Amino acid sequence: ATEYYTLIKYVVENYNERMETIQCPLLHLICHCIELKYKEVNLFALQHSYVSGDVEKTRKGHDLQKLSSMFIDVCQKMTNEDSCSDENKVLFVNRVIPNHIKLCDILAASTTTYRYFAKYDKNGNMIHKSISFVNDEDSPNIQELFPLFDDCYSSVSYVSYILDILLLSEQ
């Protein structure tokens with residue numbers, strides 16, 4: 001995920017043309033990056049029986065909503081831990097969880113959504129467009145989305161750190 005994050009940050013900070021010209025590939029990178037971060041936390045939590053679920057389905061899954069939902073479950077469970085500080089509880093409830101819900105609502109995608117313009121049948125006929133927006137006005141604004149994505153990326157890393165301490169200290 002770090003490589004994707006580094007590329008995304010570089011593009012957003014240095015690309016001087018209209019973002020619409022690179023929007024789908026950039027949204028794909030954002031989705032894939034956050035998917036990998038969710039999987040990192042979710043798989044760790046599953047492997048340590050902190051939450052229940054199917055490890056293989058999680059590892060192979062690309063549905064950002066499902067991965068986000070499990071990540072949010074991990075965060076909510078952490079807020080109920082006695083060892084979770086009051087500051088972290090407030091952070092998780094008031095910022096981390098709402099921001100991840102907002103990010104996934106804005107992206108409204110699985111990782112494959114932005115990978116291809118359209119889905120085609122075996123005869124080469126378009127079944128439907130992959131992206132849900134028709135006009136630029138309907139699509140996520142990268143300049144507004146990036147700060148939210150940046151915060152969410154950082155917060156997943158922080159949750160991973162806290163979860164690591166929580167679960168590895170119990171061993």
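Note that the structure is a prediction, hence the values are computed from the model and not measured.
- Here the shortest heavy-atom pairing between Cys33 and Ala1 reads SG-O, 3.5 Å.
- Interatomic distance, Ile30 CD1 to Tyr153 OH, rounded to the nearest 0.5 Å: 13.0 Å.
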Checking side chain to side chain contact (heavy atoms under 4.5 Å, CB included) for the pair Leu26/Val12: CA distance, chi angles, key distance, verdict?
CA-CA 9 Å; Leu26 187 57; Val12 169; 4.1 Å; yes

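- In this structure, the side chains of Ile142 and Ile22 stay at 4.5 Å or more apart for every pair of heavy atoms.
- Looking at every heavy atom in both residues, Asn99 comes nearest to Cys152 through O-SG, 3.5 Å.
- Of the possible donor and acceptor atoms, none in the side chain of Asn123 sits under 3.5 Å from a partner among the backbone N and O of Asn125.
- Proximity of Val159 to Met78: side-chain heavy atoms (C-beta onward) are separated by under 4.5 Å at one or more points.
- Each of Ile106, Leu145, Ile8 was evaluated against Leu27; a single residue qualifies, Leu145, per the side-chain contact (heavy atoms from CB on, under 4.5 Å) test.
- Inter-residue side-chain proximity for His100 and Val156 is flagged as met; some heavy-atom pair is nearer than 4.5 Å.
- In terms of heavy-atom proximity, Val11 sits nearest to Met19 at O-CE, 4.1 Å.
- Aromatic ring orientation, His32 versus Tyr4: perpendicular (interplanar angle above 60°, classes split at 30° and 60°).
- Taking the side chain as every heavy atom from C-beta outward, Leu166 and Ser83 approach each other to under 4.5 Å.
- Follow the hydrophobic side-chain contacts under 4.5 Å out from Leu168 and you reach Leu43 in the same cluster.
- Taking both residues in full, the closest heavy atoms of Leu64 and Cys31 are given as CD1-O, 3.9 Å, listed atom of the first, atom of the second, then distance.
- The closest side-chain heavy-atom distance from Tyr158 to Leu91 is below 4.5 Å.
- Residues Tyr38 and Ser69 are not in side-chain contact: their nearest non-hydrogen atoms beyond the backbone lie 4.5 Å or more apart.
- Of all heavy-atom pairs between Ile162 and Asn88, the closest is CD1-ND2, 3.9 Å.
- Applying the salt bridge (charged side-chain N to carboxylate O under 4.0 Å, His left out) criterion to Glu87, with sequence neighbours excluded, gives no partner residue.
- Note that the CG atom of Leu148 and the CG atom of Asn141 stand 12.0 Å from one another [nearest 0.5 Å].
- Glu81 has no carboxylate O lying under 4.0 Å from a charged side-chain N of Lys77, or vice versa, which leaves the two without a salt bridge.
- Between Arg59 and Lys39, the closest heavy-atom pair is O-NZ, 2.8 Å.
- Other residues, nucleotides and ligands contribute more than 12 heavy atoms inside 6.0 Å of the OH atom of Tyr15.
- Rounded to the nearest 0.5 angstrom, Ser68 OG and Leu107 CG are separated by 10.0 Å.
- More than 12 non-hydrogen atoms from other residues, nucleotides or ligands lie less than 6.0 angstrom from NZ of Lys89.
- Under the 4.0 Å criterion applied to side-chain N and carboxylate O atoms, Arg95 and Asp151 are assigned as salt-bridge partners.
- No continuous path of hydrophobic side-chain contacts links Val90 to Val74 [ILVMFWY only; heavy atoms under 4.5 Å].
- Taking the side chain as every heavy atom from C-beta outward, Phe92 and Cys84 approach each other to under 4.5 Å.
- The closest side-chain donor-acceptor pair between Ser157 and Lys37 falls under 3.5 angstrom.
- When side chains are defined from C-beta on, Val41 does not count as touching Tyr161, because their heavy atoms never get closer than 4.5 Å.
- The line from CG of Asp164 to CZ of Phe44 is 4.5 Å long, rounded to the nearest 0.5 Å.
- Atom-to-atom distance recorded for Asp86:CG and Thr79:OG1 is 11.0 Å, nearest 0.5 angstrom.
- Panel note: side chain Gln65, backbone Cys104; a donor-acceptor pair is recorded below 3.5 Å.
- Below 30°, between 30° and 60°, or above 60°: for Tyr5 and Phe149 the angle between ring planes is between 30° and 60°, a tilted geometry.
- The distance from the NZ atom of Lys57 to the CG atom of Asp63 is 12.0 Å, given to the nearest 0.5 Å.
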